[in-house]
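One structure below.
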Amino acid sequence: MSKIVTRRAGELVQWNNKGGYGFVRDDAGHDFYVHISKVYGGVRPRIGDRLTFEIAAGRKGRPSAVDVRVTQAVRSPASTLQKVLGSKSPSVSRYKLGLRVAAATTITLLILLAISSEHAPLWLSMLYVCMGLASALLYRFDKIYAMANRWRVSEANLHVVDLSFGIIGGLCAQEFYRHKTVKPRFVATTWAIALFHTLLLAALAFGWLEVILPV
C-alpha cells in the first residue's frame, strides 16, 4: 500500500477525456500523473480546474496524484456561451461599425441590385442568407471554444464556408465578436474572398454574367 506523503494544490494542465487521465501541476511547478479513478466522486475534471490532491507512488514508483478533489472548476461552455452572447464588445459602437460590416452591406446591396434588375435569380439571395447564417454560427462557436480552451473550428473550414456564399455572415461575425481580426494571413484571405464576391455580384448587377447565370 502506498504511503501518503503530503497534500498539495494545483491546476489540471493536461487531460485525455477518452482515456480518463492527465497531469496536474502543483503551485511549485511540478507535474503529477492523475487518473480518473483517483478523482473524488468520479467527476471528470477539465483543463484549468483547480485541484487539491495527495502524492503517492505510482505503478512505476513515480509520484502520482491520488484523492484528487476539484476545488474550483473552470467556467462551463454553457456559461461561456452566455457570457459571449450577453456581453458587448467595447470596440464595437452602435453608431460606428467597422470595415467588415461596411463590406457586408455593400455585398448585400449588390445582391439586391442584381435581383431587382433581373440579372440574378431570387434563390441567389437565399443562398447567401443560409450560408451567411452558417458562417456566423461557426465563428460564434469557434469564439466560445477558444475561450473555453476546447476543440476549435479550423481556419480552412471558416474560409471554405465564407467562399461558399457565407461571406456576409462571416464578415459580420468577425466584427461583432471581434474574432479572427488580428492574424494577417487569415485577414488577407478573408478580404480576398470578400473582394471576389464583390466583383462577382457587381458583374451580375450590371448584366455582365447573364450568359453564365441565366435568370
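Only a predicted model underlies this, so the values are computations on that prediction, with no experimental measurement involved. Along the sequence shown, residues carry numbers from 1.
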Could you grab the distance from atom [atom1] of [X] to atom [atom2] of [Y], nearest 0.5 Å is fine?
| X | Y | atom1 | atom2 | result |
| --- | --- | --- | --- | --- |
| Thr106 | Leu171 | OG1 | CG | 10.0 Å |
| Gln14 | Asn16 | CD | CG | 10.0 Å |
| Leu138 | Asp162 | CG | CG | 8.5 Å |
| Asp27 | Glu11 | CG | CD | 9.5 Å |
| Leu99 | Thr105 | CG | OG1 | 11.0 Å |
| Ser125 | Leu112 | OG | CG | 7.5 Å |

*Give the C-alpha distance, both sets of side-chain angles, the deciding distance and a yes or no for side chain to side chain contact (heavy atoms under 4.5 Å, CB included) between Lys180 and Thr190.*
CA-CA 10 Å; Lys180 297 293 186 181; Thr190 296; over 6 Å; no
_Run the side-chain hydrogen bond (donor to acceptor under 3.5 Å, both in side chains) test against Asp49 and tell me which residues pass, sequence neighbours left out._
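By the side-chain hydrogen bond (donor to acceptor under 3.5 Å, both in side chains) rule, Asp49 matches no residue at all.
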Which heavy atom in [X] sits nearest to a heavy atom in [Y], and how many Å separate them?
| X | Y | answer |
| --- | --- | --- |
| Trp191 | Ala103 | CZ3-CB, 3.7 Å |
| Ala57 | Ser64 | C-OG, 4.3 Å |
| Arg50 | Ala9 | NH2-CB, 4.1 Å |

*salt_bridge(Glu155, Lys183) N-O dist < 4.0 Å*: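 Yes, Glu155 and Lys183 are salt-bridged.
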*Please determine which of Val34, Val70, Val39 meets the side chain to side chain contact (heavy atoms under 4.5 Å, CB included) test together with Leu51.*
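Testing each of Val34, Val70, Val39 against Leu51, the sole residue satisfying side chain to side chain contact (heavy atoms under 4.5 Å, CB included) is Val70.
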*Can you tell which of Leu133, Ile107, Val101 makes a side chain to side chain contact (heavy atoms under 4.5 Å, CB included) with Ile168?*
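For Ile168, the side chain to side chain contact (heavy atoms under 4.5 Å, CB included) check succeeds only for Ile107.
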*Indicate yes or no for a side-chain donor-acceptor contact from Asp67 to the backbone of Glu54 under 3.5 Å, with no hydrogens or angles considered.*
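Answer holds: no.
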_Test item: Ser135 side-chain N/O and Ile167 main-chain N/O as donor-acceptor pair under 3.5 Å_ =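 No, Ser135 side chain to Ile167 backbone: no donor-acceptor pair under 3.5 Å.
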*Please assess Thr108 against Tyr128 for the test side chain to side chain contact (heavy atoms under 4.5 Å, CB included), listing each intermediate value before the final yes or no.*
CA-CA 9 Å; Thr108 301; Tyr128 272 99; over 6 Å; no
Is there a path of hydrophobic side-chain contacts, each under 4.5 Å between heavy atoms, that joins [X] and [Y]?
| X | Y | result |
| --- | --- | --- |
| Met131 | Phe196 | yes |
| Leu127 | Leu113 | no |
| Val129 | Leu122 | no |
| Val153 | Ile144 | yes |

*asked:* Check for me whether Lys143 meets the cation-pi criterion with Tyr177, that is, NZ or CZ under 6.0 Å from the six-membered ring centre and within 45 degrees of the ring axis.
replied: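 No cation-pi geometry.
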Check: [Y] and [X] side chains under 4.5 Å, non-hydrogen atoms:
| X | Y | result |
| --- | --- | --- |
| His197 | Leu110 | no |
| Tyr139 | Val161 | no |
| His119 | Phe206 | no |
| Arg100 | Val187 | yes |
| Val24 | Val68 | no |

*Is the Phe32 ring parallel, tilted or perpendicular to the Phe53 ring (thresholds 30°, 60°)?*
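Tilted.
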*Sequence-distant partners of Arg25, side-chain contact (heavy atoms from CB on, under 4.5 Å), two or more places apart*: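 Result, side-chain contact (heavy atoms from CB on, under 4.5 Å) vs Arg25: Val13, Asp31.
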*Do other residues, nucleotides or ligands put more than 12 heavy atoms under 6.0 Å from the OH atom of Tyr21?*
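No.
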*Candidate pair His179 and Gln174, rule side chain to side chain contact (heavy atoms under 4.5 Å, CB included), full reasoning*: CA-CA 5 Å; His179 190 52; Gln174 289 182 29; 5.8 Å; no
*Take Phe186 and Leu158 through the side chain to side chain contact (heavy atoms under 4.5 Å, CB included) test and state the conclusion after the steps.*
CA-CA 10 Å; Phe186 189 92; Leu158 292 174; 4.0 Å; yes
